[in-house]
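Working notes, structure below.
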Amino acid sequence: MSDVAVDPIDNPYERYAFLRREQPVVQEAADGPWMVARHADVMTILRDQKTFSSDVALRSDEEKKIRPSMLFSDPPVHNRLRKLVSYAFKPGFVENQRALITDRCESLVQALAAQDEVDLVQALAAPLPVTVIAAMLGVEEGDTLQFKAWSDKIFSNIADLLFAQAGEDVQRAAAEMDSYFLERIAMLRRQPANNLLGRLVETQTDEGKLTDQELLSFCSLLLIAGNETTTGLITASVRIFDEMPQTFKQVQEQPALIPSFIEEALRYYSPFSATIRRTTCDTVLAGQAIKRGALVIPLIASANRDERVFDRPDEFVIDRSPNPHVAFGFGIHNCLGAHLARLEGQIAIASLTRHMHGIRLADGEVSVAGQLGGPSSLRVKIIKA
Ligand code: HEM
């Protein structure tokens, strides 16, 4: 069977379907990473952190100790880091952000709705998540466009940061972000504040207070993990409105559909399309032998279209239930910001459908979403009446 007709750049979902059918666990280049396409196998990996480690980065043990990353560490380091911040992402705490998110969203959407054609990323999908996380960290007076520029640069070069020498501009962005946060941390050590970063600065652990490097690791992870992905969720939702304009009307007429619309958007165009693990021992996955030390890529966006799990997987079913997507991952690393991302997505959709009659992609925009995170721009036309 060949996939010659498929252009993976235009439509990654065609490629995922081919992989699920023909090569569910495949190494596309000798010594390259293993791609894993089916839902059950993706779940096996995400569930089993002993065999599939998140400690993938090619950094020395010393570097990892000095600047540990929650996302790229295993227990017990992972548990310790996650426990320190998890309170701020629990449903009750996140609910306290509702007024802030709604205010910010309403003013962005009102400005957007007054135009005929606009870049959705600039106008809403990027500034909304960046302002929310900046407010939670207590750095809202900082330049949110600057945060966005740093996080874009680092996120889009994450593979280089993990496995190779990052380019000069990426290193510069990381250094600038560090020095911005170092200044804030120094200020908070002098003058405590009751925000997420302020509380982290004050936190006592068994090993004493957190070091600057540990604090920087939290700041950059939260800023980077929370931004691109939420931008991706908002742009994915608007692509869906464009492809299936009836969904806009359905949500407008029945706002109670918004939570299931968002879950289905997360499944249909998963913004965090893939993650990464490294095997800690020789293992076998779906009959395929994999050597110790190999990189493995669970294709989340493919798992979320698996016909073995989802009825009509390539259809957008606005009230799909149950919807066992893995858009937020699964297991110990499941997305810490999932409640926050859902709330931001729901508020953004409610606001868009309240302030306009429809929204379409501008001429020339490509409909299918496939890249990791969100696009850097997406021009849309506002339908007024
Ligand atoms: C639609 C938006 C989002 C999506 C689709 C998403 C997706 C994911 C996924 C798939 C993982 C697991 C990665 C893995 O197992 O390797 C993850 C982890 C994580 N996410 Fe999100 N995320 C989103 C928004 C956010 C937000 C808003 C924040 C915080 C502000 C956030 C913070 C994190 C953190 C800190 C982790 C690491 C958790 C750990 O290692 O224990 N995410 N996210």
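Numbering of ligands and ligand atoms starts at 1, following listing order.
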Identify whether the distance between the nearest side-chain nitrogen and carboxylate oxygen of [X] and [Y] falls below 4.0 Å.
{"X": "Asp61", "Y": "Lys65", "answer": "no"}
{"X": "Arg305", "Y": "Asp314", "answer": "yes"}
{"X": "Glu228", "Y": "Lys148", "answer": "yes"}

Pairs of nitrogen or oxygen atoms closer than 3.5 Å, one from [X] and one from ligand 1: do any exist?
{"X": "Arg277", "answer": "yes"}
{"X": "Asn334", "answer": "no"}
{"X": "His333", "answer": "yes"}

Task: Reference residue Asp116; test salt bridge (Lys or Arg N to Asp or Glu O under 4.0 Å); the match among Lys384, Lys381, Arg360, Arg379 - done: Lys384
Which is it for [X] and ligand 1 at heavy atoms under 4.0 Å: side chain, backbone, both or neither?
{"X": "Ala327", "result": "backbone"}
{"X": "Leu71", "result": "both"}
{"X": "Thr229", "result": "both"}
{"X": "Ile300", "result": "side chain"}
{"X": "Thr230", "result": "both"}
{"X": "Leu221", "result": "side chain"}

Which protein heavy atom lies closest to [atom], and at what distance to 0.1 Å?
{"atom": "atom 33 (C) of ligand 1", "result": "Ala225 CB, 3.8 Å"}
{"atom": "atom 22 (N) of ligand 1", "result": "Cys335 SG, 3.0 Å"}
{"atom": "atom 36 (C) of ligand 1", "result": "Leu336 N, 4.1 Å"}
{"atom": "atom 38 (C) of ligand 1", "result": "Arg82 NH1, 3.4 Å"}
{"atom": "atom 16 (O) of ligand 1", "result": "Thr275 OG1, 2.6 Å"}
{"atom": "atom 26 (C) of ligand 1", "result": "Gly226 CA, 3.3 Å"}

Task: Proximal candidate to atom 9 (C) of ligand 1 [heavy atom criterion; set Phe330, Phe272, Phe52] - done: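 Minimum heavy-atom distance to atom 9 (C) of ligand 1 goes to Phe272.
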Under a 3.5 Å cutoff, is there a donor and acceptor pairing between the side chains of [X] and [Y]?
{"X": "His333", "Y": "Ser54", "value": "yes"}
{"X": "Asp41", "Y": "Thr44", "value": "no"}
{"X": "Asn304", "Y": "Ser270", "value": "yes"}
{"X": "Arg104", "Y": "Thr131", "value": "yes"}
{"X": "Ser260", "Y": "Asp319", "value": "no"}
{"X": "Ser302", "Y": "Arg20", "value": "yes"}
{"X": "Tyr269", "Y": "Glu243", "value": "yes"}

Open item on the list: Would you say the rings of Phe147 and Tyr180 are close, in the sense that their centroids are separated by under 6.0 Å?
Closed with: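 Yes, the ring of Tyr180 comes within the 6.0 Å limit of the ring of Phe147, centre to centre.
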TODO: Measure from the ring center of Phe218 to the ring center of Phe181 and say whether it is less than 6.0 Å.
DONE: no
Under 4.0 angstrom from ligand 1, any heavy atom of [X]?
{"X": "Ser54", "value": "no"}
{"X": "Asn227", "value": "no"}
{"X": "Phe72", "value": "no"}
{"X": "His78", "value": "yes"}

Would you mind running through ligand 1 and noting each atom that sits below 4.0 Å from a heavy atom of [X]?
{"X": "Ala341", "value": "1 (C), 2 (C), 24 (C)"}
{"X": "Ile332", "value": "41 (O)"}
{"X": "Gly329", "value": "10 (C)"}
{"X": "Phe89", "value": "29 (C), 30 (C)"}
{"X": "Met70", "value": "38 (C), 39 (C), 40 (O), 41 (O)"}
{"X": "Ile133", "value": "30 (C)"}
{"X": "Leu233", "value": "1 (C)"}

Task: Thr231 side chain to Asn227 backbone, donor-acceptor under 3.5 Å - done: yes
Task: Cation-aromatic face contact Arg199/Tyr87, 6.0 Å, 45 degrees - done: yes
Open item on the list: Are Phe316 and Leu257 connected into the same hydrophobic cluster when the rule is that any two of I, L, V, M, F, W, Y join if their side-chain heavy atoms are below 4.5 Å apart?
Closed with: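 Yes, one cluster joins them.
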